[in-house]
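Report on the following structure.
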Amino acid sequence: MSSSVSDFIRNRIRDDIENEVVDGTIITRFPPEPNGYLHIGHAKSICLNFGVAEEFGGKTYLRFDDTNPLKESEEFVESIQQDVRWLGFDWEDRLTFASDYFDQLYSFAEQLIEKGRAFVCDLSAEEIRATRGTLTEPGSNSPFRDRTVKENLDLFRRMRAGEFDEGSRVLRARIDMRSPNIHLRDPVLYRIVHAEHHRTGDKWCIYPMYDFTHCICDALEGITHSLCTLEFEDNRPLYDWVLDNVSINFHPPQIEFSRLGLEFNVMSKRILTSLINAGHVEGWDDPRLPTISGLRRRGVPAEAIRDFCSRVGVTKQANLIETNLLDFCVRSTLEDTSPRAMAVVDPLPVTVINFEGEDVTLEAPNHPKNSELGKRELTFGRNLFIERSDFRESASKKQRKLTLNGLARLRYGFIVECVEVVKDGQGSPIELKVRYVPESRSGQDTSGLKPRSTLHWVSATNSISAKFRLFENLFNVREPGSGDPRDELNPTSRIEKDGLVERVVVDDDWERCQFERNGYFIKDLDSTPMKPVFNRIVPLSSGVH
Ligand code: ATP
Ligand code: MG
């Protein structure tokens, strides 16, 4: 089996299959740490790992990297599974946890001690840092480096038995304090943490570090291509060292690709967590966040995220992607499948002064091109609403608006002429009085009039009130995350408007739809039977807010 997509990772896999470097099946893994919710950067890694396995007829593990009980929880484990599934991927029976391997990891650590390749070190974290050296200067050996195997084994077993305080001792690899690669300067392999683990409870009070755990789990699972982001490039020699020094006869290659960055967004779980804790956003699923749960609540379809990831592609170049690309993917996913309706986000009442009697029933297609989406009825009567921003008292060449004494067509309805503007004490319009042209009915227009503008509208009888949430970028700066978030946040990232929506959208429980000229929307879970709430997924074109 092969793949039609081409990038350096897929090319490498094709070569490995052709040259029989791998026998049998391609096996990948997605290894999240359950210390937060997934974001669109993770989606890139998910699409890559599950994507290549699918394309080459392989398999993918969802493996939780749960080696830090202080930061990890079951809530995150659950949300991550939900998000991967929602993105459209299936790990089948390959759900694993690094903690499943704690016993094996422990015996590999004893192996290293027995070979003289690991030692128990009593230096404090600070002392270890201080003796590690710098990029230009070598580190210095720990005074505990030459303990005997017997002493090391004894101390390590007593670390495991809980005899020592947190931070008092660690297990370190015995590699080379003079290595030009800082990761090889006797890195810490195990530390003492007296904390309850969400899966292993209080069985362990020593926990393996990422660099020791990850490569061994990869090898035990038979991962044929261990794909990770570029910041792990310098860890690769350590990945290889561990596997070369424990007795496992399988050695996956680690292959690095660049992280996804999205303009005006942060991806760091640490910063996301602090935004939530400080109340700058309402939770992990706030529609302004680039989290999968935020994007889902915003209304972004999983298909659009997959399309986005495939357009971004996989390279080793640093990439900060424009939010426009994501918007483009969302629009092109929704364009053909979303029914249209009309909503007025910021209503200005309109009285049709020459309209008398029963409302007129009109018909409107639910999609201009896709007739399979059907039709719906609209009613036209004496009391209507248009968008406040669609009225301007005097005409301007550029703007297509209704003006005093001007004409406009109300979409699928009639042409109206504005004959009077009623204003409040401040001079703002509070009502328009218009006359409609009875022979201008849409589809049967014999009026001969050609107004320049067509406006969306609703009538008092076929609309209900609704709240609309309009979103902009959460941050004002292109690459946020370095300063105080309060200086970088966009104060208008979420604006709420009270408006009106065609009743049918709520009565028939439409999922996602386009409100003509306003954008694509989805009903939010804050909706109540009395007051639906709609999130704007994306406006109809970029730059329109
Ligand atoms: P953070 O640094 O915010 O804690 P992380 O990278 O440590 O995030 P993990 O849960 O360890 O988060 O990530 C799981 C996998 O997702 C890793 O293989 C990681 O390389 C990948 N990943 C994380 N962020 C991105 C990103 N922005 N682009 C591509 N892949 C990513
Ligand atoms: Mg990580």
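The model shown is predicted, which means the values in this text are computed figures rather than measured ones. Counting convention: from 1, in listed order, for ligands and their atoms alike.
Considering backbone and side-chain N/O of Thr229, one or more are found under 3.5 Å from N/O of ligand 1. Polar contact with ligand 1: absent for Ser258 (N/O pair, distance under 3.5 Å). Between Leu260 and ligand 1, at least one N/O pair is under 3.5 Å apart. Of the polar atoms of Ser268, none of the N or O atoms is found under 3.5 Å from an N or O of ligand 1, judged by distance alone. Checking only distances, Lys269 does come within under 3.5 Å of ligand 1, N or O to N or O. Among the atoms of Phe30, none of the N or O lies under 3.5 angstrom from an N or O of ligand 1. Where the criterion is an N or O separation shorter than 3.5 Å, residue side chain and backbone included, Arg259 meets it with respect to ligand 1.
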Only pairs under 3.5 Å count here: list side-chain donor-acceptor contacts from residues 17-27, not counting sequence neighbours, and write none if there are none.
residue : atom : partner : partner atom : Å
Asn19   : ND2  : Asp15   : O            : 3.2

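Looking at His39 against ligand 1, only its side chain comes within 4.0 Å, counting heavy atoms.
With Phe102 as the fixed residue, the ring pair (Phe, Tyr, Trp, His ring centres under 6.0 Å) test singles out one of Tyr207, Phe97, Phe108: Tyr207. Partner of Asp285 under the salt bridge (Lys or Arg N to Asp or Glu O under 4.0 Å) criterion, chosen from Arg296, Arg297, Arg298: Arg297.
The pair Arg63-Asp218 meets the salt-bridge criterion, with a side-chain N (NZ, NE, NH1 or NH2) lying under 4.0 Å from an Asp/Glu carboxylate O. At a threshold of 4.0 Å, the pair Arg132-Asp186 does not count as salt-bridged, since none of the basic side-chain nitrogens sits closer than that to a carboxylate oxygen. A salt bridge links Glu110 with Arg157; the closest basic N to acidic carboxylate O contact falls under 4.0 Å.
Atoms of ligand 1 lying under 4.0 Å from any heavy atom of His42, numbered from 1 in the order shown and given with element: 9 (P), 10 (O), 12 (O), 13 (O), 14 (C), 16 (O), 22 (N), 23 (C). Using a 4.0 Å cut-off to heavy atoms of Ser45, the atoms of ligand 1 that qualify are 16 (O), 21 (C), 30 (N).
Nearest-heavy-atom check against atom 14 (C) of ligand 1 across Ala43, Cys309, Pro31 picks out Pro31.
Evaluation of the side chain to side chain donor-acceptor pair (under 3.5 Å) rule for Arg169 yields Asp122 as partners, not counting sequence neighbours.
Here the closest non-hydrogen pair linking Asp100 and Gln104 is O-OE1, 4.4 Å.
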